[in-house]
There are 2 protein chains.
Amino acid sequence: MKPFEKLPIEKQARIVNASILEFAEKDYETASMNKIVDKAGISKGSLFNYFKSKSSLYNHIYQLALGEVKAYLQKVRDETAELPFDVRMAKIVDSGIQFITQHPRLARIYFRLIYSGDSPHRKKVISELQSMSDKYLGGIIQDAMDRNELNAQLDKTQAVFFLDSVLNRFLKDYHETLELGENNRFNKEKWVKGITEFFTKGFK
Amino acid sequence: MKPFEKLPIEKQARIVNASILEFAEKDYETASMNKIVDKAGISKGSLFNYFKSKSSLYNHIYQLALGEVKAYLQKVRDETAELPFDVRMAKIVDSGIQFITQHPRLARIYFRLIYSGDSPHRKKVISELQSMSDKYLGGIIQDAMDRNELNAQLDKTQAVFFLDSVLNRFLKDYHETLELGENNRFNKEKWVKGITEFFTKGFK
DNA sequence: ATATAAATTGACCGGGTGGTCAAATTAAGC
DNA sequence: GCTTAATTTGACCACCCGGTCAATTTATAT
C-alpha cells in the first residue's frame, strides 16, 4: 500500500486540491512543488514521501482528471445510445459544458494537456488521448452511419477529426469565457443548434 | 534609433535566429535568456542592452512571426479574390502548409500562442489574433455569400468559428506530424478535398 | 512508562533564473 | 597618438527550483 493511500481522506483531499489548484494555474514546468506544499499545509519532505517526484504527482492528478472526463463521456454516450445523431451531439455538448462548469480547474488541466501536450510524458499522453477520442467519436459516427443518418461514403477518420476539432475548440473557448468571467458570448442553445446543423448540412 | 537596430545585420540575424530557436523549443516562461545568449554568441549584458527585458525580446520575435503569417494570409487572399469558395479554401490550406514547411519554428511559436496563449501579454495578444482571424475568415465567407455560394442565412460568427476551428487544428496537427518526422498521416490532396467538402456539405 | 517503529519536518544542496553594473574593450574625433 | 565616448563583457545578485535526509515528533506495542 502506497504511503499516500494510508493518509486520512481529509489530508489526501487537501493535497489533491492544492495540486489541482497549482497545476490548473501554471503549466507543468512552471508549477511549483513548494507552492503545493504551502497550499496543502504539509512539509516538503512529506510530499516527496507520498509522491517520489513532481512528475509522479502530476501523473496522479492527470489520471484523476482523465477519469472524471471519461465518466462524463461514457455516461452521455450510454444514455443517448438510441437517439438520433443530432440529438446525441447536442447532449454531448451539454455534457461537456456541464463538466467544465462543475470542474473548471480539471477542465483547465485537460485542455492544456490536449492543446499544448503539457505533461512530462507528452508523447504517450497525447497518443492516449488521441485514440480515446478516435474511439469515442468514431463510435458515435458509426452508430449514425449504421442507421443511415449520415452519408455512407463518409471518410470516418476525417469525420472524427472534424468533430473533434469543433467540439473541443468550442468547449475550450466556452471554458475560457467562463474563467474570464466575461459576459458569456455563447448562447448555449443557439450554439448547440449551430454546431449540429453545421455537422449535418455544412455551409450550404 | 534603438541600439539593436544599429547592429550589423549579420549580428541582428544571429540574435533573432537564436531567439526563435529558443522560443520555438520552450514556452515563454521556460525559455532561457542565458541559452539565447549562448546560441547567439554574445554576452548577457549586450542582450539586455538591445532588449530591456525577456518580455520585450519575446515581443520582437512575436511581431516578426505574426508579420510572416499575415503576409502569407494576405497574399493568398488577394490572389484568390475572384475564385469560388471551395477553391479559395483549398488554396488557403495549401498556403498554410507552405508556411509551416518553410517556417516550422515560427509556426511552432504561432501555434503555442493561439492554443496556449503563451505570451507575457496573454489577453492582449489573444484578442488581437482573434479579431485578425475574424476579419480574415469573415471576409472570405462574406465574399462567398455575396456570390450566393453559401446559404444566405448562415450565422457569420458561427461560420467563422467553425472555419477557424478546423483550419487551425488541421494545420497544427499537420505541423506536429512534420516535426515528429513520422510518415505523414495527411495525404494533402485528400484532406484538402475532405475539408472543403465538409464545409460545404457537412456529413450528410 | 518505556522502547521501538513510523511519519513528519525544514534546513540544506546544486543548479538555474532574469537582470545589473563596474570594469574592460573597441570606435571615433582630432 | 591621444582622449573621449560608445559598446561589450561576465561576475555577481537575490530568488526560486526539485529533491534529500538527519533530526525531531508522533503513534504503537508491551
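Residue numbering restarts at 1 for every chain, and letters A, B, ... go by the order of the sequence lines. Keep in mind that this is a model prediction, so the values were computed, not measured.
Straight-line distance from the CD atom of A/E5 to the C1' atom of C/dA7: 16 Å, rounded to whole Å. Between B/F4 atom CZ and D/dT8 atom C1' there is a gap of 15 Å when expressed in whole angstrom units. One can place NZ of B/K26 at 16 Å from C1' of C/dG18, the figure rounded to the nearest angstrom. Atom CG in B/L57 sits about 15 Å away from atom C1' in C/dT17, given to the nearest Å. Between the P atom of C/dA28 and the NZ atom of B/K6 lies a distance of 11 Å, rounded to the nearest Å.
The pair B/K39-B/E22 meets the salt-bridge criterion, since a charged nitrogen lies less than 4.0 angstrom from a carboxylate oxygen. The pair A/K193-A/E189 does not count as a salt bridge, with every side-chain nitrogen at least 4.0 angstrom from each carboxylate oxygen.
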**OP:** Kindly determine whether B/Q12 and B/Y50 satisfy side chain to side chain contact (heavy atoms under 4.5 Å, CB included), including the steps that lead there.
**Re:** CA-CA 10 Å; B/Q12 287 188 29; B/Y50 308 144; over 6 Å; no
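A side-chain donor from one of A/R88 and A/T80 sits under 3.5 Å from a side-chain acceptor of the other. A side-chain donor from one of B/D146 and B/Q142 sits under 3.5 Å from a side-chain acceptor of the other.
Qualifying ring-ring contact (aromatic ring centres under 6.0 Å, His included) partners for A/F51, counting only residues two or more places apart in sequence or in other chains: A/F4, A/H60.
Near DNA chain D, meaning a heavy atom under 4.0 Å from it, residues 41-53 of chain A has A/K44, A/G45, A/F48, A/S53 in order of number. Of the residues in residues 27-36 of chain B, none lies under 4.0 Å from DNA chain D by heavy-atom distance.
Proximity of a side-chain donor or acceptor of A/S133 to a complementary backbone N or O of A/L129 within less than 3.5 Å is not detected.
A cation-pi arrangement is present between A/R169 and B/F161, with the terminal nitrogen or guanidinium carbon under 6.0 Å from the aromatic centre and inside a 45° cone about the axis.
For the pair A/K11 and C/dT8, the criterion of a side-chain N or O lying under 4.0 Å from OP1 or OP2 is met.
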